[in-house]
Every structure is written in C-alpha cells, then in structure tokens.
Amino acid sequence: MEHIETITVRQALPMVFAGQSFPHSRVWLSELTLHRGDLYKIEAASGGGKSSLCAYIYGSREDYQGEILFNNEDIRTFDIARWQEIRRKHLAYLPQDLSLFPELTAIENIQLKNRLTDFATESEILGWLRRLGIEFRANFPCGRMSIGQQQRVAIVRAICQPFDFILLDEPVSHLDSENNLIAASLIEEIASRQNAAVISTSVGNPLALSAPISLPL
C-alpha cells in the first residue's frame with residue numbers, strides 16, 4: 001500500500017448502540033468517505049462514540065457492526081503484519097488517555113516512537129516543543145506535568161511519523177485558545193507536508209483547524 005487515500009465508514013455502529021437510531025449522524029448508520037488531505041472535525045456529546053470511532057479506524061477495537069474500509073478494503077481482513085505497517089507508515093493516533101509513560105521525560109516519551117520511525121531530528125523535536133511552549137519541560141517526567149503540558153507532549157509524539165491520516169481524540173481539551181491555535185497550526189503544517197488528513201474529535205473545545213469539515217456524531 002503506497003498510501004491510504006480514503007477511509008470509508010459504511011453502516012457502522014458500536015455494538016453497545018445496537019437497536020438505537022441516529023437520524024442526524026454523519027457517521028453512524030450512514031456511509032461516509034474521508035479523503036487524504038482534508039481536515040475533519042468530529043463533534044458529539046460525551047458518550048457519543050468519538051473515542052470508539054478512532055479505535056475502530058486504528059484497528060485496536062472491533063466491537064462494531066458495519067464496515068470500515070481503507071482504499072475500499074475491509075480492515076477486518078488485515079493481519080498483524082499489515083497493521084504494523086499501516087501504523088508505522090500511514091496512520092498516526094493520539095488517544096484521549098494520551099498513553100504517555102509517566103516516569104519518562106517528555107523527550108524520552110517522544111523518542112520511543114521517533115526511534116522506530118526515524119522521522120524527525122532531535123532539533124526538530126525540540127523546535128516543536130519550543131513552539132508549543134514546553135521546551136523547558138523536555139527533560140521533566142511526564143507524570144509531574146499538567147494535563148495541558150502532557151497533551152502537547154503527546155501531540156509532538158503523534159506527529160513523529162509519516163502518515164496519510166492522523167487521528168486526534170480530544171487533543172486540546174485542556175489547552176486555552178492561544179495554545180490551541182499553536183497546536184492546530186503545527187499539526188496542519190506537518191499534515192500538509194505529507195498531503196495527509198487530520199481527523200480530530202471534540203466535546204466542546206475543538207482543535208482550531210482552518211475550515212474543517214464538520215461531522216456530527
């Protein structure tokens with residue numbers, strides 16, 4: 001697979017929602033195709049399935065009905081080796097729980113991924129941390145940082161790889177408007193270099209993307 005050009009969500013629904021109707025949803029029990037290079041904002045109330053959708057697309061959960069297709073190929077047919085390639089080269093993911101190692105420093109958490117992808121130089125990583133206002137925390141344990149600082153570390157870690165799509169689950173929920181704008185600008189810049197799509201979820205403090213396509217759940 002050279003690139004993931006499209007992700008199609010077809011008549012999908014979390015199994016926990018089975019039997020419910022979603023007349024206004026652009027995603028559940030519908031057919032939606034996401035295109036590489038576009039910006040998407042997925043909004044819903046808490047419990048609406050935003051994190052589930054991200055996990056389904058990333059292949060870490062399969063408790064849904066319907067289909068999810070990459071380039072018209074059902075992801076349920078992918079084996080472990082295929083998923084490893086996809087997650088290394090095509091699909092980046094920032095989960096809501098951040099999944100940082102609290103005892104490791106910011107730079108150590110980021111380098112755990114960057115050593116696998118060899119995507120960014122150390123000076124680029126430090127430049128991104130500086131741009132996000134947390135370079136002074138580079139050698140500080142993540143477990144002793146504020147949630148907003150941890151979110152910015154996790155954003156840098158997420159972009160340290162090639163990708164066609166990046167999934168960001170409530171990435172700026174603890175950031176103020178100024179830092180939200182800075183984070184969005186950095187993410188868009190890295191995505192644009194790769195003609196990649198950004199898919200960001202929110203319950204009320206959306207990532208400040210420029211003219212995103214809104215997809216209510």
Donor-acceptor pair, side chain of [X] and main chain of [Y], under 3.5 angstrom:
X      : Y      : result
Gln150 : Met145 : yes
Tyr58  : Arg87  : no
Gln96  : Ser51  : no
Tyr56  : Asp63  : yes
Arg61  : Ala55  : no
Asn180 : Pro206 : yes

How many angstroms lie between atom [atom1] of [X] and atom [atom2] of [Y], to the nearest 0.5 angstrom?
X      : Y      : atom1 : atom2 : result
Ser21  : Leu13  : OG    : CG    : 10.0 Å
Ile155 : Cys160 : CD1   : SG    : 12.0 Å
Asn205 : Ser177 : CG    : OG    : 8.5 Å
Ile190 : Glu124 : CD1   : CD    : 7.5 Å

With sequence neighbours left out, what residues match Glu170 under side-chain hydrogen bond (donor to acceptor under 3.5 Å, both in side chains)?
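Scan of Glu170 (side-chain hydrogen bond (donor to acceptor under 3.5 Å, both in side chains), adjacent residues dropped) gives none.
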
Worksheet entry | Non-neighbouring partners of Glu5 that pass side-chain hydrogen bond (donor to acceptor under 3.5 Å, both in side chains), sequence neighbours left out |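 Arg36.
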
Query raised in the report: Tell me, which pairs form a side chain to side chain donor-acceptor pair (under 3.5 Å) where one or both residues lie in residues 7-17, sequence neighbours left out?
Result: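 For residues 7-17: Thr8-Thr33, Arg10-Glu31, Arg10-Glu67.
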
Do [X] and [Y] have side chains that approach each other closer than 4.5 Å (heavy atoms only, starting at C-beta)?
X      : Y      : answer
Leu53  : Trp28  : yes
Asn179 : Asp176 : yes
Leu217 : Lys50  : yes
Ile4   : Asn71  : yes
Tyr64  : Ser52  : no
Leu207 : Lys41  : no
Pro171 : Ser200 : yes
Arg82  : Thr77  : no

How would you list, by chain and number, every residue that makes a ring-ring contact (aromatic ring centres under 6.0 Å, His included) with Phe163, sequence neighbours excluded?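 ring-ring contact (aromatic ring centres under 6.0 Å, His included) check on Phe163 returns nothing, list empty.
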
**Prompt:** Who passes ring-ring contact (aromatic ring centres under 6.0 Å, His included) against Phe17, sequence neighbours left out?
**Reply:**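 Per chain and number, Phe17 pairs via ring-ring contact (aromatic ring centres under 6.0 Å, His included) with Phe22.
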
Cationic N near anionic O, under 4.0 Å, Arg76 to Asp74: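 No.
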
- prompt: Transitive ILVMFWY cluster of Phe101 at side-chain heavy atoms under 4.5 Å: who else is in it?
  reply: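 Members alongside Phe101: Leu104, Leu112.
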
Would you sort out whether Leu34 and Leu215 count as a side-chain contact (heavy atoms from CB on, under 4.5 Å), showing the intermediate values? CA-CA 10 Å; Leu34 308 169; Leu215 300 172; 3.8 Å; yes

- Query: How are the rings of His90 and His3 set relative to one another: parallel (under 30°), tilted (30 to 60°) or perpendicular (over 60°)?
  - Reply: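 It falls in the perpendicular class, over 60°.
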
Derivation and outcome, side-chain contact (heavy atoms from CB on, under 4.5 Å), residues Gln151 and Ser173:
CA-CA 8 Å; Gln151 285 187 319; Ser173 58; 2.9 Å; yes

Apply the test side-chain contact (heavy atoms from CB on, under 4.5 Å) to residues Leu126 and Ile107: give CA-CA distance (whole Å), side-chain angles for both, the deciding distance (0.1 Å), then the verdict. CA-CA 8 Å; Leu126 290 173; Ile107 199 71; 4.2 Å; yes

* To do: Report the C-alpha distance between Leu91 and Phe70 in whole Å, list the side-chain angles of each, state the deciding distance to 0.1 Å, and finish with yes or no for side-chain contact (heavy atoms from CB on, under 4.5 Å).
  => CA-CA 11 Å; Leu91 201 59; Phe70 292 175; 4.1 Å; yes

